[in-house]
**Student:** 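One structure, as structure tokens, below. Some questions next.
A note on names: the letters A, B, ... follow the listed sequences, proteins ahead of strands, and every chain is numbered from 1.
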Amino acid sequence: MSNITISLPDGSTRELPAESTSLDLAKSIGSGLKKAAVAAVVDGVETDLTVPLADGAEVAIITNSTDEGRHVLRHSTSHVLAQAVTLLFPGAKYAIGPAIENGFYYDFELPGDKTFSDDDLGRIEAKMREIIKENQPFVRSELSPPEARELFSDQPYKVEIIDRVDSADADTEDTGEVGDGGAISAYRNTDEFVDMCMGPHVPSTGKLAFFKLQKVAGAYWRGNEKGPMLQRIYGTAWESKQALAAHLHQLEEAAKRDHRKLATELDLLSFPSALGGGLAVWHPKGAIIRKLMEDYSRLRHERGGYEFVYTPHLANASLFETSGHLDFYADGMYPPMEMDNGTYYMKPMNCPMHCLIFSSRQRSYRELPLRLFELGTVYRYERAGTLHGLMRIRGFTQDDSHIYCTKEQLADEIASLLDFVLSVLRAFGFEEFTFNLSTKDPEKYVGTDEIWTEATAALAEALDRHGLEYSLKEGDAAFYGPKIDIDVRDAIGRSWQLSTIQADFSLPERFGLEYVGADNARHRPIMLHRALFGSIERFFGVLIEHYAGAFPTWLAPLQVRVLPVATAHEEYAAEVAKGLVAVGARVDVGKADDGLGKRIRNAKLEKLPYILVVGDDDVAANTVGVNPRGGEVERDVSLAAFIEQFSNEISDAEVAALES
RNA sequence: GCCCAGAUAGCUCAGUCGGUAGAGCAACGCAUUCGUAAUGCGUAGGUCAGGGGUUCAAUUCCCCUUCUGGGCUCCA
């Protein structure tokens, strides 16, 4: 039998005996590679390691520490989960079980409407470890739809998938489960357990080891709210014990930053159940930060050519009929209030009211762009199950602006908006951004194709002008116009969608907005919606998590605490505080009624930027001991020097923020 | 809205196989006056989320409501 020649990604070639597989190839390169191999890309197609290679094939080995490799591990682990569940819960139906970011899940229906409990996870995990220990092979086969129906005749969800693949209009959305072009692939682990799947999979379950089942949850079959509710089990899987431990550690770190936990610990705000779900009250320390955020926002908007407006929280139903909100979003609005002269609603958005300001008198092209700004509080009836701390809340305040401009002004306006947005976000410590440009949904839009094309081009041009890379989200725009969404990356790498810049062709039409042009004719303005923080509540939540509650000095509710070593030093401590207050510091003095170590510990737990300790030496020499957050203690610093350094730090932050 | 799990002192949690509850921290009081992450002793603090049912007796068992958590769906 002759040899075959395989080419590798680096351009080199390798001779192997005929019928060799990718696994043989990996082995021939090195035992380390063989061990790390989980699948292969053969001529551009992800393939099992155990498939014999054709002469001349181009092969790249997928190893377990790559994203693709982990995906294979996770998907394979989900099959093991399904097998374990079918063994422990006879009669369980398994639906779909894909790999997802950092893990996998599998959806089941248990006989007799039974559900999983958290205790079941341990049993299932133990069974999975048995399966892994048995080192069962993943054996691929290809089936015709009728064969597949026969094989999965007692698995209704699989049959439904087969039917969908088999039908002409097969949607390809939840592939990973199925095959293409009418053929259906399946992977068998034991005589009893086989699952439909495109693969690839690891050669055998022994390749899987480092996983953990995490939680049970309900999930609708095919994500359809009207469909049956299945039982989902989530898990995570990794290539090594270290990688699994690192991931679990990362989850713990994220949990420590949870804004709901920190908001309670730092006494920033609370969600009293007496208020009702999704509604928060701001305590003094949270309110200081909010005020600083708002003051800063107002300052920037003032300098940015915005005009401030105020509008009420309630409006007559007719306003929301005009704006279209009642047509499109009535479900998301608080129910109507019947009053003597009509029906009223809490406002879900500020834009209709801003349009009323625009239309309150005749407008000239000389006034455009007209930028109306408001910290506008809106109320949305978010469904009970979707509420989540400050991130999803029913009453919140937007740093909302509506910009009315001409078509010609659009590109410049958006370009300068991008500068403005990024500069403000940077001031709050965000450095990394990603941009999404959402385009027309051909199924659902208003306005002419021409104006969509123009506006979309204006948005894209603005991004290009700044050299910003962006992802195109085709069909993701709202019905009224294209938009740019801006995501920020936080200190531990998580991404949060904050800012949005949206063109709107609908509202100017609905409100009949017009301006008189240079040509003395009436024209319709284009409207931009934009928010930088998005919602102040949500932005604050993100800030808490970004900084893990340790706010930068300019935002810290309390910036300095002066601790006298003993009662005798309290008078001097008060003097020190007075000096700091004179330069605008937020400072307090801790009484010497507890051990110094204890008082320092408490101040550290409050995450204060500076603790100043003053004792005999300091009283004598007019100095302080400086204990900065995250830094080294420095003794005998002259008070004047500290005050100067502190006030420089604060004004530097302000200047940097304004100039960035 | 749907599935699952919860709600006990200000916080974190234990407990009651049905007989009205306990710890640590915090608070308050007394003593201690201390040089960089927890001084000691003591006191007080709870309609066991709310309502209904079963029971001689409910914080405990059952039902409903509210709120919370994890998901799903939704998110102008």
**Student:** Does G24(B) pair with anything, Watson-Crick or G-U wobble, both distances under 3.5 Å, and if so, with which nucleotide?
**Tutor:** C11(B)

**Student:** Report the distance from atom CZ of R392(A) to atom P of C75(B), rounded to the nearest whole Å.
**Tutor:** 9 Å

**Student:** With a 4.0 Å limit, can you tell me whether Y379(A) has a side-chain N or O closer than that to the phosphate oxygens OP1/OP2 of A76(B)?
**Tutor:** no

**Student:** Is the distance from the ring center of W282(A) to that of F540(A) below 6.0 Å?
**Tutor:** yes

**Student:** Rounding to the closest angstrom, what is the interatomic distance between A27(B) and G70(B) at atom C1'?
**Tutor:** 34 Å

**Student:** Does a nitrogen or oxygen in the side chain of R260(A) sit under 4.0 Å from OP1 or OP2 of G69(B)?
**Tutor:** yes

**Student:** Is the distance from the ring center of Y480(A) to that of F505(A) below 6.0 Å?
**Tutor:** no

**Student:** Tell me whether the side-chain N/O atoms of K215(A) come closer than 4.0 Å to OP1 or OP2 in C4(B).
**Tutor:** no

**Student:** Hey, does the side-chain of R383(A) have a donor or acceptor N/O within less than 3.5 Å of a partner on the base of U73(B)?
**Tutor:** yes

**Student:** Who is the Watson-Crick or G-U wobble partner of A76(B), with both distances under 3.5 Å?
**Tutor:** none

**Student:** Would you say the ring centers of Y379(A) and H313(A) fall short of 6.0 Å from each other?
**Tutor:** yes

**Student:** Please tell me if H388(A) has a side-chain N or O lying less than 4.0 Å from either OP1 or OP2 of U68(B).
**Tutor:** no

**Student:** Check whether the side chain of D616(A) and the base of G35(B) form a donor-acceptor pair under 3.5 Å.
**Tutor:** no

**Student:** If pairing requires Watson-Crick or G-U wobble contacts with both distances under 3.5 Å, which nucleotide is the partner of C2(B)?
**Tutor:** G71(B)

**Student:** Could you let me know what G40(B) is paired to, Watson-Crick or G-U wobble, both distances under 3.5 Å, or none if it's on its own?
**Tutor:** C30(B)

**Student:** Between C62(B) and U55(B), how far apart are the C1' atoms? Round to whole Å, please.
**Tutor:** 12 Å

**Student:** Please determine if K440(A) forms a cation-pi arrangement with Y445(A), meaning its NZ or CZ atom is less than 6.0 Å from the six-membered ring centre and no more than 45° off the ring axis.
**Tutor:** yes

**Student:** Below the 4.0 Å mark, does C74(B) have OP1 or OP2 next to a side-chain nitrogen or oxygen of K226(A)?
**Tutor:** no

